[in-house]
Asks: 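I'd like to ask you about the structure that follows.
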Amino acid sequence: MSVLDAPAGTGPRTGATTGAPALIPVFARLKLALLRNGLRQSSGRKAVYLISVVGALLAAAVLTLGLVLLRGHDHAASLVVLLAGVLALGWAVMPLFFAAGDETLDPTRLVMLPLRPRPLIVALLVSSLIGLGPLFTLCLAAGSAAALAEGAGAVVFAVLAVPLTLLVCVALARAVAAANTRLLTSRKGRDLAVLSGLLIAVGIQVVNFGAQRLGRSGGLAPLDPAADVVRWLPPASAVGSVDSAAEGAYGRAVVQLLIAAAALVVLLWLWQRSLTKLMTAPDGSTTAAPGPDREKSGRIGAGLWALLPEDRTGTVMQRSLRYVARDPKTKAAWVTALAIGLIVPLINALQGQGTVYFACFAAGMLGMQMYNQFGQDTSAFWMVAQTISSARDAYLELRARALALLLITLPYTVLVAVVTAALLGDWKLLPGVIGLSFALLGAMLATGAVASASFPYSIPQEGAFKNVAPGQAGLAWISILGGMVAAAVLSAPVIALTITLHVTDRTDWLWLLLPAGAVYGALIAWGGLRLAAPRMALRLPEILTAVSKG
């Protein structure tokens, strides 16, 4: 819903001289109308929203209470200052990954209205304070200030620092969104969602690694060096001013508070400048697009593609690999799987507490890409269906898709196993780990093919994190969870052999797992493809209907 779609009586009625005081209530009501109308779309969305509200409020309450309980701790200032820095970082990157989740982040919807930039950004800033994110940030900022405010002077600075921290975070998100609006609303800009999976995966592991390091150190003292730097960066400087005032360093506290205030002014100026340029400068849609490079586009089999076989197998492999390179949803799934498959064994190896067998996690993550093979085709699957008239055709289609997946997963699985073994210095287990990974990968290819033919579901094109069409969540759970359980069962013989060699202290024979796992994985994958092919050929109309719902 845009401003032009606002309910009657909520739109601006004045001319170009409309000021911020007149716009603020209008935009506040508009934001509330967007929230209300979004909840009216379905009972499921309303339930999810209510659950998220309750969860966010509970998390905010627990975190705020925990911050307050830090009051009087020697290193409380280091923790809350770094927390403010992390909050600001989150607000800065949020528009890059979740712009599609909030239509008010797109100021181009206001281009046709007679509004001046300065009053407009004030009204947008106030309306941006409505929502779960600002409320959560306000609770954490208040808890941080309460943990540090000791004395009347510190309380005064806390009263100023809490709203200033919130305003800087919100203005930072708006400035970033305005500066990148045309990128984020373009087709290629949506590829930024690919980075979100990688950053989330890396971020979770870094936080986990840091928490474990803090736990082993027995305190918060290791945070002090980083906090000494962050306390001079806005908006963490506003929180740092409360600590400075509590120590009696009022001059330093004033400087830190002024740094945050200056950052707010600069962000508002940058926001206004981006808004003015956005609403007055032409975009790419008003200019002629360059013609296609016929010489380049005509060389379909050039480069590395020429290494693929010149038959149906090569064509299907090339199509699947192009999905990985070009389709945002497929690319996001692959990047996330590649990142997590390396990060989990790597972090455990760096901690010195892991085992080389953690490298099998990479095979598990990459093998999941075989599930729901036809969902990535969406409605274009009808073109594939036209080429399948028998179980033989279905087998060739599934086999080529599996080969395209193996083209990436096999070398990557070996690479992760080698890196993990090198970090742990346990080269003796490397052949067994690779063999076990191959067996697991073959089992997941087999179960993935069967699950793709038996429980297909659509992958919606809109929304970076919307991977299942409404009403198909059950199919997705059955396909993925059921397939993973079946893959674990199919891998049981190789797992049992590995355990037996370790229990009987015959680790010198672990090298046998490499050829045994490779052969077993290949046989299991072949059997799964053979089993899925006739089912796929028989259920083509049902598969096409299922994957076209998005």
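The figures here come from the full heavy-atom set of this structure, side chains too, leaving out hydrogens, waters and symmetry mates.
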Asks: Looking only at side-chain N and O atoms, does Ser491 offer a donor or acceptor that is under 3.5 Å from a partner on Tyr520?
Replies: no
Asks: For Ala404, is there any backbone N or O sitting under 3.5 Å from a side-chain donor or acceptor partner on Ser320?
Replies: no
Asks: Tell me if a side-chain donor or acceptor on Arg539 pairs with a main-chain N or O of Ala453 at a distance below 3.5 Å.
Replies: yes
Asks: Assess the residue pair Leu403 and Val316 against the criterion (side chain to side chain contact (heavy atoms under 4.5 Å, CB included)); give the C-alpha distance rounded to whole Å, side-chain angles, the decisive distance to 0.1 Å, and a yes or no.
Replies: CA-CA 9 Å; Leu403 289 174; Val316 176; over 6 Å; no
Asks: Would you name the heavy atoms of Thr447 and Ala486 that are closest together and state the gap between them?
Replies: CG2-CB, 3.7 Å
Asks: Find the distance between OG1 (Thr500) and CD1 (Ile495) and round it off to the nearest 0.5 Å.
Replies: 11.5 Å
Asks: Pick from Val344, Leu440, Leu366: which one makes a side-chain contact (heavy atoms from CB on, under 4.5 Å) with Phe361?
Replies: Val344
Asks: Quick one: does any side-chain atom of Lys331 pair with a main-chain N or O of Val324 as donor and acceptor, under 3.5 Å?
Replies: no
Asks: Which donor-acceptor pairs under 3.5 Å do the side chains of residues 407-423 make with protein atoms, sequence neighbours left out?
Replies:
{"unit_1": "Thr409", "atom_1": "OG1", "unit_2": "Leu405", "atom_2": "O", "d": "3.0"}
{"unit_1": "Tyr412", "atom_1": "OH", "unit_2": "Leu338", "atom_2": "O", "d": "2.4"}
{"unit_1": "Thr413", "atom_1": "OG1", "unit_2": "Thr409", "atom_2": "O", "d": "2.7"}
{"unit_1": "Thr420", "atom_1": "OG1", "unit_2": "Val416", "atom_2": "O", "d": "2.7"}

Asks: Please check this pair: side chain of Asp311 against backbone of Gly314, looking for a donor-acceptor N/O pair closer than 3.5 Å.
Replies: yes
Asks: Sequence neighbours excluded, which residues qualify as side-chain contact (heavy atoms from CB on, under 4.5 Å) partners of Leu510?
Replies: Tyr357, Leu429, Leu501, His502, Thr507, Leu513
Asks: Would Phe27 and Leu120 count as a side chain to side chain contact (heavy atoms under 4.5 Å, CB included) here? Give the steps.
Replies: CA-CA 9 Å; Phe27 276 79; Leu120 179 60; 3.5 Å; yes
Asks: Could you grab the distance from atom CG of Asn372 to atom CD1 of Ile543, nearest 0.5 Å is fine?
Replies: 10.0 Å
Asks: Compare all side-chain heavy atoms of Tyr395 with those of Trp526 and state whether any distance is below 4.5 angstrom.
Replies: yes
Asks: Begin from the C-alpha positions of Arg401 and Arg319 and carry the test side chain to side chain contact (heavy atoms under 4.5 Å, CB included) through to its verdict.
Replies: CA-CA 9 Å; Arg401 291 177 183 243; Arg319 184 214 310 146; 3.0 Å; yes
Asks: Do Asp393 and Glu397 have side chains that get closer than 4.5 Å, going by heavy atoms?
Replies: no
Asks: Can you give the donor-acceptor pairs under 3.5 Å from side chains of residues 380-387 to other protein atoms, not counting sequence neighbours?
Replies:
{"unit_1": "Thr387", "atom_1": "OG1", "unit_2": "Arg312", "atom_2": "NH2", "d": "3.1"}
{"unit_1": "Thr387", "atom_1": "OG1", "unit_2": "Val384", "atom_2": "O", "d": "2.6"}

Asks: For the atom pair CD1 (Ile434) and CG (Leu441), what is the distance rounded to the nearest 0.5 Å?
Replies: 12.5 Å
Asks: Counting C-beta onward and ignoring hydrogens, is there a side-chain heavy-atom pair between Val176 and Trp91 closer than 4.5 Å?
Replies: no
Asks: Assess whether atom CH2 of Trp509 is packed by more than 12 heavy atoms of other residues, nucleotides or ligands within 6.0 Å.
Replies: no
Asks: If we only count heavy atoms from C-beta on, is the Asp377 to Tyr323 side-chain gap below 4.5 Å?
Replies: yes
Asks: Quick one: are Thr355 and Val433 in side-chain contact, heavy atoms under 4.5 Å?
Replies: no
